[in-house]
Amino acid sequence: GEDVEQSLFLSVREGDSSVINCTYTDSSSTYLYWYKQEPGAGLQLLTYIFSNMDMKQDQRLTVLLNKKDKHLSLRIADTQTGDSAIYFCAESMNTGFQKLVFGTGTRLLVSP
Amino acid sequence: DTEVTQTPKHLVMGMTNKKSLKCEQHMGHRAMYWYKQKAKKPPELMFVYSYEKLSINESVPSRFSPECPNSSLLNLHLHALQPEDSALYLCASSQEDSNNEQFFGPGTRLTVL
């Protein structure tokens, strides 16, 4: 099947902004999500966006959605070392039951 | 209580063993999920239970047997596993509504020898 694609790795300095990109596959996805996974841990939901929105802001997080290009991005302002983790985007497949398909994951490394 | 708990945290088993993974939530969620996550890969859905009934089985081999004894508990029974089944097994739960905001447990790290 098709993969939900993300770039593998992003390295930034503390205080900079980080932008993590995602290209998803199903244009009928209702919701798109961003999850964070720290080493050896489960997934933490950071934010989500409904498919009829272009942008959503939540404190340091800004989600942009381009439905035409099936492109989703997550911007983290004032990135901190505690933001170092793997970030997964996920789309909810329109299968009659909500099913999440996760992206390939982006490892974010924040250096002091 | 807004968390999903999983036990054990780590499990090592031989190919002839029978073991079970457990998951519990007390958020009143009526949908519960098992995911498998291999190293450096995204989670992959295995099973979904909705109102204690199996809704989705993503063609998982029968050596994995899920069970939902009640609305708060989800088990995954393991038998005759293979070394390639070694992975992080994640449980999640959600409300039964259109925004499928899934809450994940910390996972069980399984090693099959």
Side-chain angles (χ1 to χ4, degrees), chain A residues 1-9 20 22-26 28-53 56 58 63 72 85-109, chain B residues 2-10 21 23-25 27 29-51 53-60 87-111:
Chain A
E2 295 172 68
D3 284 340
V4 177
E5 295 286 345
Q6 296 179 239
S7 48
L8 271 180
F9 186 73
I20 302 171
C22 169
T23 303
Y24 61 96
T25 59
D26 187 349
S28 63
S29 288
T30 317
Y31 288 90
L32 294 134
Y33 305 83
W34 282 104
Y35 281 86
K36 174 184 179 184
Q37 186 174 33
E38 297 187 49
L43 281 78
Q44 174 195 353
L45 178 66
L46 291 177
T47 188
Y48 63 89
I49 188 166
F50 187 48
S51 57
N52 69 353
M53 297 168 67
K56 180 179 179 182
D58 187 356
V63 179
L72 181 73
I86 300 177
Y87 289 79
F88 291 98
C89 62
E91 59 176 340
S92 57
M93 305 303 285
N94 192 19
T95 58
F97 189 93
Q98 296 289 348
K99 170 183 162 180
L100 289 184
V101 175
F102 286 87
T104 46
T106 299
R107 181 176 294 276
L108 173 65
L109 180 63
Chain B
T2 57
E3 65 171 359
V4 177
T5 59
Q6 289 187 243
T7 55
K9 244 184 130 161
H10 301 275
L21 310 185
C23 173
E24 192 166 0
Q25 57 88 14
M27 294 179 277
H29 291 170
R30 301 314 297 266
M32 296 185 77
Y33 311 77
W34 280 115
Y35 288 85
K36 174 181 177 179
Q37 186 179 23
K38 298 283 280 182
K40 299 189 192 310
K41 294 287 187 187
E44 292 181 342
L45 184 66
M46 300 173 73
F47 301 104
V48 181
Y49 270 83
S50 174
Y51 290 90
K53 288 188 168 39
L54 185 63
S55 295
I56 294 179
N57 175 342
E58 290 285 291
S59 304
V60 179
L88 181 68
Y89 287 84
L90 294 163
C91 173
S93 70
S94 70
Q95 295 282 12
E96 273 277 344
D97 62 19
S98 58
N99 174 11
N100 192 25
E101 183 178 339
Q102 295 185 19
F103 293 80
F104 282 80
T108 294
R109 174 80 54 194
L110 174 68
T111 303

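Per chain, numbering begins at 1; letters A, B, ... match sequence-line order. Below, all heavy atoms of this structure are taken into account, side chains as well, without hydrogens, waters or symmetry copies.
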**Asked** Do you know which two heavy atoms are closest between F88(A) and K41(B), and how far apart they sit?
**Response** CZ-O, 4.0 Å
**For P42(B) against G103(A), the heavy-atom pair lying closest together** = CB-O, 3.0 Å
**By side-chain hydrogen bond (donor to acceptor under 3.5 Å, both in side chains) - contacts of E58(B) (at least two apart)** = K99(A)
**Item:** Per-residue contact mode, Q37(B) against chain A (heavy atom under 4.5 angstrom)
**Value:** side chain
**Prompt:** Of the backbone (N, CA, C, O) and the side chain (C-beta and beyond), which part of Q37(A) lies under 4.5 Å from a heavy atom of chain B, both, or neither?
**Reply:** side chain
**Request:** Measure L45(A) against the heavy atoms of chain B and call it side chain, backbone, both or neither at under 4.5 Å.
**Result:** side chain
**Asked** Is L100(A) close to Y35(B) at the side-chain level, that is, under 4.5 Å between some pair of heavy atoms?
**Response** yes
**Request:** Would you indicate whether E5(A), at its atom CD, is surrounded by more than 12 heavy atoms from other residues, nucleotides or ligands within a distance under 6.0 Å?
**Result:** yes
**Request:** Could you tell me whether R30(B) atom CZ has more than 12 heavy atoms of other residues or ligands within 6.0 Å of it?
**Result:** yes
**Prompt:** Which is it for Q102(B) and Y35(A) under the side chain to side chain contact (heavy atoms under 4.5 Å, CB included) test, yes or no, and what are the steps along the way?
**Reply:** CA-CA 10 Å; Q102(B) 295 185 19; Y35(A) 281 86; 3.7 Å; yes
